[in-house]
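Each remark here refers to the structure printed beneath this line.
The figures here come from the full heavy-atom set of this structure, side chains too, leaving out hydrogens, waters and symmetry mates. This chain uses plain numbering: 1 for the first residue, then up along the sequence.
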Amino acid sequence: MSKPQLIVFKGKKSQTGVAFKTEFPKIKFSESGYDFDKTREVIEGRGVQAILPIWNSHAGEVTPSHAMTMLFDEKARLYHLWPQKIRFVCLGKKKDVSLLNNIISVSVAEAQCSDYLGKHGLSFEDGGDTTSSYKLFAESDAYDAVLVAPNNDYADYHVVCEDAANPINFTTFALLASIESSDWEMAEWGVLSDKIGDGHRIFTALQLPFNQTLSDAQEELFDRLIDDAETIDDVPKVLFVALHEYSNCRLLIDAGGEFVPPEILGEEGVHDEIRIIPDIGRPAENYSTRVEEFLSKNKSITSKDFVKHQGTKTCFFACPALGILTHGFEVDATEFIVRHMIDKCFELLDRGVKPSPEQKILFDKYVDAYHENGADFVEFESIAS
């Protein structure tokens with residue numbers, strides 16, 4: 001086949017463009033100008049690699065990007081995830097924020113900058129994406145201000161705020177490719193070939209009903225997902241718990257090695273309420289490790305063993321020493337899943353699996369409480385949003 005087309009959503013001046021240049025500083029790319037819908041259309045064709053936002057720590061799933069939808073519809077494959085701190089520069093036609101009323105930006109900025117917008121009483125409007133919002137701001141008197149990505153030339157306007165985003169505001173970006181990419185040779189990946197795994201790690205997708213609590217079948221599934229793990233690295237890590245239509249939720253899982261989740265059987269046979277896609281991509285890197293390294297710069301997180309963060313519309317729970325961080329839309333369900341993963345890790349450590357130095361410190365600190373109460377010993381400490 002010919003060399004795949006590389007699409008970086010909205011190009012160099014967008015948040016995605018800034019994130020891509022940070023992650024891949026030596027890779028040059030051309031401007032596609034495609035919006036999310038057009039990007040989805042070409043990915044679902046053939047011969048395309050695309051960089052898209054998939055999740056934000058305050059807004060949750062970036063649904064307009066269609067990234068999760070394409071994966072669960074089996075119209076694309078996933079190969080690489082990385083977290084990127086997101087800054088929004090507030091530009092104004094007047095320098096004094098008290099003189100500003102209407103502000104425009106990409107829809108997710110409303111949640112990601114909620115503290116700033118609320119503090120200054122700014123009326124927000126969705127402009128589609130940051131580059132389109134900037135154009136509307138520049139061409140219309142209807143907008144006093146705009147929230148845009150950093151590192152661009154804004155000489156014609158006032159920088160009202162260098163960073164209007166909420167604290168701990170980061171987005172996870174994804175490298176997706178057309179569905180037939182599973183058959184591509186490494187040479188066809190070109191400069192992105194080092195992000196393609198050999199099967200040591202596999203992304204798996206689950207879809208199941210959500211009703212605030214998990215059913216017996218769902219609890220059995222989570223128990224059995226981790227039963228075959230023999231090392232801490234083998235414990236499948238649930239990365240994202242996303243709300244889906246008709247009261248379903250979707251889980252994206254990073255698993256070590258070949259991984260086929262079990263079918264869950266009931267009195268009438270296989271539970272058709274649970275959908276499993278065992279292989280939606282093979283990454284070269286562990287996202288959990290990347291996000292742990294990213295968050296390690298924040299002392300409010302690294303100083304705690306078990307962490308809970310509630311964003312504007314989302315949450316995450318983490319145990320940094322065990323390499324666990326799960327993003328979710330609903331607190332109780334996300335906490336339940338994370339407790340299961342922690343419980344399995346402690347069970348393995350209790351059986352004598354060799355720990356890392358950080359894991360040994362954690363286990364020694366809580367082993368007595370674990371023996372007494374199981375995973376109920378875990379107390380998640382909240383951090384400021």
Would you call Arg201 and Asp233 a salt bridge, using N to O less than 4.0 angstrom? yes
Identify whether the distance between the nearest side-chain nitrogen and carboxylate oxygen of Asp364 and Lys360 falls below 4.0 Å. yes
Under 3.5 Å, is there a donor on one side chain and an acceptor on the other for Tyr134 and Ser105? no
Looking at every heavy atom in both Gln207 and Asn248, which two are closest together, and how far apart are they? NE2-ND2, 3.8 Å
So, Asp73 side chain and Lys75 main chain: donor-acceptor pair closer than 3.5 Å or not? no
Indicate whether any N or O donor in one side chain lies under 3.5 Å from an N or O acceptor in the other, for Ser288 and Asp254. no
Are the side chains of Arg282 and Asp198 in contact, using a 4.5 Å heavy-atom criterion? no
Closest contact, heavy atoms only, Leu176 versus Ala67: CD2-O, 4.0 Å
Residue of the set Leu78, Ile179, Leu52 for which side-chain contact (heavy atoms from CB on, under 4.5 Å) holds with Met70: Leu52
Pair Asp305 + Lys365, salt bridge at N-O below 4.0 Å: yes
Donor-acceptor pair between Ser181 and Tyr79 side chains, under 3.5 angstrom: yes
Is the backbone N or O of Thr312 less than 3.5 Å from a side-chain atom of His58, with the two atoms forming a donor-acceptor pair by type? yes
Okay, side chain of Ser178, backbone of Glu180: is any donor-acceptor separation there less than 3.5 Å? no
With a 3.5 Å distance limit and no angle check, can you tell me whether Thr314 reaches the backbone of Gly311 through a side-chain donor-acceptor pair? no
Around atom CG of Asp37, are there more than 12 heavy atoms from other residues, nucleotides or ligands closer than 6.0 Å? yes
Classify the angle between the aromatic ring planes of Trp82 and Phe24 as parallel (below 30°), tilted (30 to 60°) or perpendicular (above 60°). perpendicular
Thinking salt bridges, do Lys195 and Glu285 make one under a 4.0 Å N-O criterion? yes
Within this structure, what is the CD-CG distance for the pair Glu23 and Leu81, rounded to the nearest 0.5 Å? 10.5 Å
Just wondering, do Thr130 and Phe88 contact through their side chains at under 4.5 Å, heavy atoms? yes
Verify, without hydrogens or angle tests, whether Ser65 (side chain) and Pro53 (backbone) share a donor-acceptor contact under 3.5 angstrom. yes
Kindly indicate, with the supporting measurements, whether the criterion side chain to side chain contact (heavy atoms under 4.5 Å, CB included) is fulfilled by Ser182 and Arg77. CA-CA 8 Å; Ser182 58; Arg77 288 176 62 79; 3.5 Å; yes
We want to know whether His327 and Glu61 form a side-chain donor-acceptor pair, criterion being a heavy-atom distance below 3.5 angstrom. no
Indicate yes or no for a side-chain donor-acceptor contact from Arg339 to the backbone of Ala375 under 3.5 Å, with no hydrogens or angles considered. yes
Would you find a donor on one side and an acceptor on the other, under 3.5 Å apart, between the side chain of Glu188 and the backbone of Glu185? yes
Can we say Glu292 and Lys237 salt-bridge, meaning some charged N sits less than 4.0 Å from an Asp/Glu carboxylate O? no
Tell me whether the count of non-hydrogen atoms from other residues, nucleotides or ligands lying under 6.0 Å of NZ in Lys313 goes above 12. no
Are the side chain of Glu162 and the backbone of Pro150 linked by a donor-acceptor contact shorter than 3.5 Å? no
Picking from Val238, Val241, Thr326, Leu325, what satisfies side-chain contact (heavy atoms from CB on, under 4.5 Å) with Val338? Thr326
Tell me if a side-chain donor or acceptor on Thr171 pairs with a main-chain N or O of Asn56 at a distance below 3.5 Å. no
Would the distance check show the side chain of Ser133 and the main-chain N or O of Asp129 forming a donor-acceptor pair, the cut-off being under 3.5 Å? yes
Do Ile342 and Phe317 come within less than 4.5 Å of each other through their side chains, counting heavy atoms only? no
Compare all side-chain heavy atoms of Asp163 with those of Val89 and state whether any distance is below 4.5 angstrom. no
Checking side-chain polar atoms at under 3.5 Å, does His158 have a donor or acceptor matched by the opposite partner on Asp96? no
When rounded to the nearest 0.5 angstrom, what is the spacing between OG1 in Thr334 and CG in Asp332? 8.5 Å
Distance (rounded to the nearest 0.5 Å) between Leu243 CG and Met68 CE: 11.0 Å
Please report the interatomic distance CD1(Ile324) to SG(Cys319), rounded to the nearest 0.5 Å. 5.5 Å
